[in-house]
Protein chains: 2
Amino acid sequence: MANQDNFSIHCQNCSFSHLCLPVALNKTEIESLDDIIERKKPLHKHDKLVRPGDAFRSLYAVRSGSLKSFVNNQDGEEQIVGFHFPGDIIGFDALRESQHQSFTQALETAMVCELPYETLDKMAIQFHKLRHQLMSFMSAEIKQHHDMMMLLNKRTAEERLLYFLAHLSKRFEERGFSHRQFNLSMTRNEIGNYLGLTVETISRLLTRFQKEGIIEVEGKLISIMNFAALDNKLQSMTISSHCG
Amino acid sequence: MANQDNFSIHCQNCSFSHLCLPVALNKTEIESLDDIIERKKPLHKHDKLVRPGDAFRSLYAVRSGSLKSFVNNQDGEEQIVGFHFPGDIIGFDALRESQHQSFTQALETAMVCELPYETLDKMAIQFHKLRHQLMSFMSAEIKQHHDMMMLLNKRTAEERLLYFLAHLSKRFEERGFSHRQFNLSMTRNEIGNYLGLTVETISRLLTRFQKEGIIEVEGKLISIMNFAALDNKLQSMTISSHCG
DNA sequence: CGCGCCTTTGAGAGAGTTCAACTAACGTGG
DNA sequence: CCACGTTAGTTGAACTCTCTCAAAGGCGCG
């Protein structure tokens with residue numbers, strides 16, 4: 001084994017490989033990929049993985065837990081640009097300038113796999129599926145942002161939050177977790193920041209959705225009680241929610 | 001010459017190659033790239049280049065004129081996700097599903113260079129700089145969308161429009177056009193759609209900026225009269241505007 | 001067990017939308 | 001080349017969704 005076997009973790013036995021770079025790779029290819037990956041120590045809540053200006057050397061795949069990425073303006077005002085869950089790849093915005101462009105910070109204890117980019121790029125020359133997989137991830141991120149523009153420009157606070165919950169539910173399901181009940185690893189404030197709303201609005205809406213019987217809220221725990229009602233309220237949107 | 005020499009156009013003599021794929025390629029590489037490019041007939045105003053669902057076979061580089069890309073929801077409501085000018089590459093959102101995901105439509109008479117993706121991908125194996133350039137374009141688009149989220153979530157109507165004008169000005173300058181005076185190829189309605197505002201707001205703001213002496217407006221023609229005032233009003237944003 | 005920080009709820013304010021009416025520019029066919 | 005219909009742009013007035021400000025409660029963590 002090329003690596004130090006921290007935590008005895010490998011792509012071959014990772015339960016999220018179906019969402020991650022290994023998708024569509026054959027056994028040999030996955031082994032080669034696995035060989036170049038460096039497993040990092042766990043990140044604790046609030047630990048930063050990357051900061052703007054950091055030299056870009058690696059992409060990161062989320063192994064467990066969750067993280068947020070955000071950018072800052074001069075005033076230090078924060079804008080969250082994405083939440084990351086297992087199988088997601090972090091760092092594509094850094095390629096152009098070979099410098100990371102945003103902060104990425106753990107929302108809870110999290111583990112990531114480091115993918116040294118130079119090696120990955122060399123391997124992508126040989127393994128066509130890996131190359132296409134990398135492009136595919138970036139493409140999905142671009143498409144996701146198009147949906148986001150529709151959401152932020154055209155949808156009400158209610159629709160934004162319902163979409164957010166539905167999207168989370170879908171992502172949990174893809175990862176083998178319950179889509180009916182899940183814990184929010186982000187605060188109400190972070191949800192609002194991401195959706196262009198205030199904490200107060202998020203709080204009020206969650207209360208309202210509960211009164212309407214769509215969800216149940218117990219602090220961070222969300223249970224979706226009425227998928228039909230949720231889908232119904234979202235029907236006119238048709239924003240796909242298939243990617244990271 | 002591999003192609004039909006429509007309009008006798010080649011990367012070697014294209015005045016936007018410094019912004020386009022050829023950046024950083026050497027003479028031989030540019031010639032190879034040029035060989036695979038198919039020049040298309042000019043698009044006329046309102047002609048569509050691609051539609052959602054179209055099979056993805058090629059990326060397109062803007063050669064002249066300008067275009068908009070937009071997505072639709074079920075109700076047919078339109079959300080513009082980007083404006084394209086010479087040197088820009090169109091179609092990265094299509095890679096993941098091998099289908100185009102958005103409409104791209106000419107805002108005025110425009111010409112594009114078609115880049116057959118399969119061939120481009122093969123060439124990218126050999127020419128590392130070309131591969132990196134492709135990744136770099138996608139990375140820039142992702143970063144651009146992060147800035148957009150900050151703009152849409154945190155900034156007032158005034159700041160959004162000023163940013164839009166400053167960004168346009170910068171893009172024209174990069175392309176060798178005047179950054180002081182330019183024609184808007186998009187309508188007020190399209191600007192508003194892109195920025196999450198209504199036509200009326202755009203119109204009122206342009207009038208106000210003119211009264212304040214920042215710009216002069218004559219229909220589609222915008223002249224920036226006071227860059228200092230413009231920059232001053234944008235100072236707290238620090239949203240980079242360096243990409244397509 | 002005490003101090004953050006997170007969350008909830010209420011009341012008031014405001015930025016931008018909506019609705020409406022009018023004008024200007026465009027292009028098409030008679 | 002003009003009449004006409006259509007699309008684009010401007011301006012005003014009223015409205016509303018969400019924000020801001022304020023205060024209190026609760027959960028979690030050291």
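Naming convention: chains lettered A, B, ... in sequence-line order (proteins, then strands); numbering from 1 in each chain.
- With respect to the salt-bridge test (charged N to carboxylate O, under 4.0 angstrom), the residues Lys233(B) and Glu158(B) qualify.
- The partner of dG4(C) is absent, by the rule that a Watson-Crick or G-U pair needs both atom distances under 3.5 Å.
- Ion pairing between Arg208(B) and Glu212(B) holds under the 4.0 Å rule for side-chain N and carboxylate O.
- At whole-Å resolution of the value, CD in Glu218(A) and P in dC27(D) are 11 Å apart.
- Aromatic rings from Phe16(B) and Phe85(B) are positioned such that their centres are separated by 6.0 Å or more.
- Look at dG4(C): its glycosidic torsion is within 90° of 0, and that puts it in the syn range.
- Take Glu190(B) and apply the side chain to side chain contact (heavy atoms under 4.5 Å, CB included) test, not counting sequence neighbours, and it matches Lys68(B), Ile80(B), Phe83(B), Leu107(B), Met186(B), Thr187(B).
- Salt bridge Asp88(B)/Arg175(B): present, at least one basic N to carboxylate O contact under 4.0 Å.
- Rounded to whole Å, atom P of dG9(D) lies 13 Å from atom CG of Asn193(B).
- Side-chain contact between Ser178(A) and Gln181(A) is present, with at least one heavy-atom pair separated by less than 4.5 Å.
- Across all strands shown, dC27(D) forms no Watson-Crick or G-U wobble pair with both key distances under 3.5 Å.
- Rounded to a whole Å, the CG atom of Leu205(A) is 13 Å from the C1' atom of dC19(D).
- Nucleotide dA25(C) holds its C1' atom 16 Å from the CG atom of Leu184(B), rounded to whole Å.
- We find that NZ of Lys154(B) is positioned 10 Å from P of dT20(D), with the value rounded to whole Å.
- Lys45(A) places its NZ atom 11 Å from the C1' atom of dC27(D), with the value rounded to the nearest Å.
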Using a cut-off of 4.0 Å between protein heavy atoms and nucleotide atoms, how would you tag nucleotides 5-22 of chain C 5' to 3' with B, S and -? --SBBBB----SBBBB--
